[in-house]
Peer 1: 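Sending over a structure as structure tokens; questions will come in a sec.
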Amino acid sequence: MRTRKLYEGGGLRTFVLVLDKGDEAFAEISAFARAERVTGAGLTAVGGCREVTLGYFDPEITGYRSTSFAEQMEVLSLVGDIATQDDEPALHAHLVLGRKDSSAIGGHLERAVVFPTLEVVLTETPAHLRKRVDQGTGLALIAPDASSGPA
Amino acid sequence: MRTRKLYEGGGLRTFVLVLDKGDEAFAEISAFARAERVTGAGLTAVGGCREVTLGYFDPEITGYRSTSFAEQMEVLSLVGDIATQDDEPALHAHLVLGRKDSSAIGGHLERAVVFPTLEVVLTETPAHLRKRVDQGTGLALIAPDASSGPA
Amino acid sequence: MRTRKLYEGGGLRTFVLVLDKGDEAFAEISAFARAERVTGAGLTAVGGCREVTLGYFDPEITGYRSTSFAEQMEVLSLVGDIATQDDEPALHAHLVLGRKDSSAIGGHLERAVVFPTLEVVLTETPAHLRKRVDQGTGLALIAPDASSGPA
């Protein structure tokens, strides 16, 4: 992965992250967020991948079911955000993928091996977004009341 | 729904809106836009929902056909904008949803009941975007020439 | 296509581009980027179209396969970026489309004829993003190390 800052001003920072062949997207984006100490951000991406594991939140088991696909697919969209959980950046992103026959699949990003590229635009805000474990589902959800706004 | 301002500066404002279990997304986002007097914005979101009504613009009837789904789905993307129509904020958003078998469906957001969360990043610009009814289709479309740019 | 600047400050510019019935999206967005000398940007869009040609990168032929569809579809998402290649703005965007039965398809944007509208939010950053041809695939990919950050 190679990265570049595109903008910085007034507490806002925008970066482009370009993932290379074989990079795993969840790990690479998370590592970038830790290195840059990102505490609140939104992101979008397009590109391609050749292996993915997608999560589906199943209320019957109150947890995620995972499904893996090993085939070349277009990353039609990756939309997500970064908040902090236990003082570490937590990436939450969803993928839509396009198959050879143009049909679309998608789910919660658990793992995606990039091929040949993934271009991520990440916009960080000065806010500190915190996650808190939700009692009903056990999921860590963004808690705006436990977060802090612009300095 | 709980909200927090993430950034404010130079006429730009960015908010996070976190919708809770059972919140209806179209109504909640629209109510936020009215309360904050948003006149021009873009937004993206990810999360989950358990009921949706999706619109499809059908040129044969020059109007929308609606289809409803009642099942747990991932909100793979919600992309949209806010402009004003008759001095009220008008939300225009499209959804892509992921089903239990990873297949994707989608349409124009008419109604979506959130479960367990929907995380919306909304960026407001200082412009005032106005909609105008299009003669051919009867739809209210953004009219850049009737809008006003940054102050 | 009609356009309006929504924001300008500190090197950031945000525009809305509203494409009209019959406009071809790849050509119109590219022409706008050339006219405004955009060298680095991210964009999202929603709307509808009645003809599309979608690309799929096929590693077996180390190139794109194209598939065309001629039917009214919702543009559920268009996510992409603009960099420069040989000193010209190069648009890279992926589409997700919703059919009458709510199923979703998608791919790399090669051609999309708009109907009745396509609303694009384009955010330009002060960086100059450059593309470079990748030896393995022959594709022009963003090269952060050949790009330049905020002035």
Side-chain angles (χ1 to χ4, degrees), chain A residues 1-23 32 42-51 70-80 93-106 113-123, chain C residues 9-12 40-44 52 54-60 62 64-69 76-81 83 92-98 103-109 123-131 134 136-150:
Chain A
M1 180 176 66
R2 292 155 299 153
T3 68
R4 183 167 284 274
K5 194 188 294 172
L6 300 181
Y7 177 78
E8 178 160 16
L12 274 186
R13 291 194 298 172
T14 302
F15 295 92
V16 66
L17 286 60
V18 179
L19 280 72
D20 295 311
K21 299 180 190 81
D23 284 349
F32 175 82
L43 64 153
T44 59
V46 294
C49 67
R50 60 188 185 195
E51 289 175 42
E71 62 188 71
Q72 178 65 30
M73 292 185 279
E74 300 286 320
V75 175
L76 301 178
S77 73
L78 182 159
V79 178
H94 286 187
L95 282 171
V96 183
L97 301 153
R99 307 178 88 167
K100 192 171 184 176
D101 67 357
S102 304
S103 65
I105 61 171
V113 179
V114 169
F115 190 89
T117 192
L118 185 72
E119 301 166 357
V120 182
V121 178
L122 186 156
T123 299
Chain C
L12 275 187
L43 65 152
T44 59
V52 293
L54 301 174
Y56 167 82
F57 179 76
D58 187 343
E60 292 185 16
T62 317
Y64 280 94
R65 291 185 186 279
S66 298
T67 309
S68 295
F69 295 83
L76 300 178
S77 73
L78 183 159
V79 178
D81 51 56
H92 182 206
H94 287 186
L95 281 171
V96 183
L97 301 154
S103 65
I105 61 170
H108 179 84
L109 169 63
T123 299
E124 184 197 29
T125 64
H128 189 136
L129 285 176
R130 286 197 181 80
K131 291 201 158 188
D134 172 62
T137 60
L139 297 177
L141 307 180
I142 293 178
D145 50 310
S147 302
S148 54

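Reminder, nothing fancy here: chain letters follow the sequence lines and each chain counts from 1.
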Peer 1: Can you find a side-chain donor-acceptor pair between C/His94 and A/Glu74 that sits under 3.5 Å?
Peer 2: yes
Peer 1: So which of C/Thr123, C/Leu95, C/Ile142, C/Thr67 has the biggest tally of heavy-atom pairs under 4.5 Å with chain A?
Peer 2: C/Ile142
Peer 1: Is the closest side-chain heavy-atom distance between A/Val121 and A/Phe15 below 4.5 Å?
Peer 2: no
Peer 1: C/Ser77 versus chain A, heavy atoms under 4.5 Å apart: side chain, backbone, both or neither?
Peer 2: side chain
Peer 1: Please identify, among A/Val75, A/Thr14, A/Val96, the residue contributing the most non-hydrogen atom pairs under 4.5 Å to chain C.
Peer 2: A/Val75
Peer 1: Can you tell me which portion of A/Val79 sits under 4.5 Å from chain C's heavy atoms? Options are side chain, backbone, both or neither.
Peer 2: neither
Peer 1: Checking heavy atoms, do the side chain of C/Leu12, its backbone, both or neither come under 4.5 Å from chain A?
Peer 2: both
Peer 1: Salt bridge check: are A/Lys100 and A/Glu71 linked by an N-O gap of less than 4.0 Å?
Peer 2: no
Peer 1: What option among C/Leu78, C/Leu97, C/Thr44, C/Asp134 has the most heavy-atom pairs under 4.5 Å with chain A?
Peer 2: C/Asp134
Peer 1: Salt bridge (Lys or Arg N to Asp or Glu O under 4.0 Å) with A/Arg2: which residues, sequence neighbours excluded?
Peer 2: A/Asp20, C/Asp145
Peer 1: Can you name the residues that form a ring pair (Phe, Tyr, Trp, His ring centres under 6.0 Å) with C/His128, not counting sequence neighbours?
Peer 2: none
Peer 1: Report the relative orientation of the aromatic rings in C/Phe57 and A/Phe115; use parallel for angles under 30°, tilted for 30 to 60°, perpendicular for over 60°.
Peer 2: tilted
Peer 1: Under 4.5 Å from any heavy atom of chain C, what part of A/Gln72 do you find: side chain, backbone, both or neither?
Peer 2: both
Peer 1: Quick check for you: among A/Ser103, A/Ala104, A/Gly98, A/Ser102, which has the greatest number of heavy-atom pairs under 4.5 Å with chain C?
Peer 2: A/Ser102
Peer 1: Tell me, out of A/Val16, A/Leu6, A/Thr3, A/Ile105, who's got the most heavy-atom pairs with chain C below 4.5 Å.
Peer 2: A/Leu6
Peer 1: Between A/Arg50 and A/Val114, is a side chain to side chain contact (heavy atoms under 4.5 Å, CB included) present by the stated rule, with each step listed?
Peer 2: CA-CA 6 Å; A/Arg50 60 188 185 195; A/Val114 169; over 6 Å; no
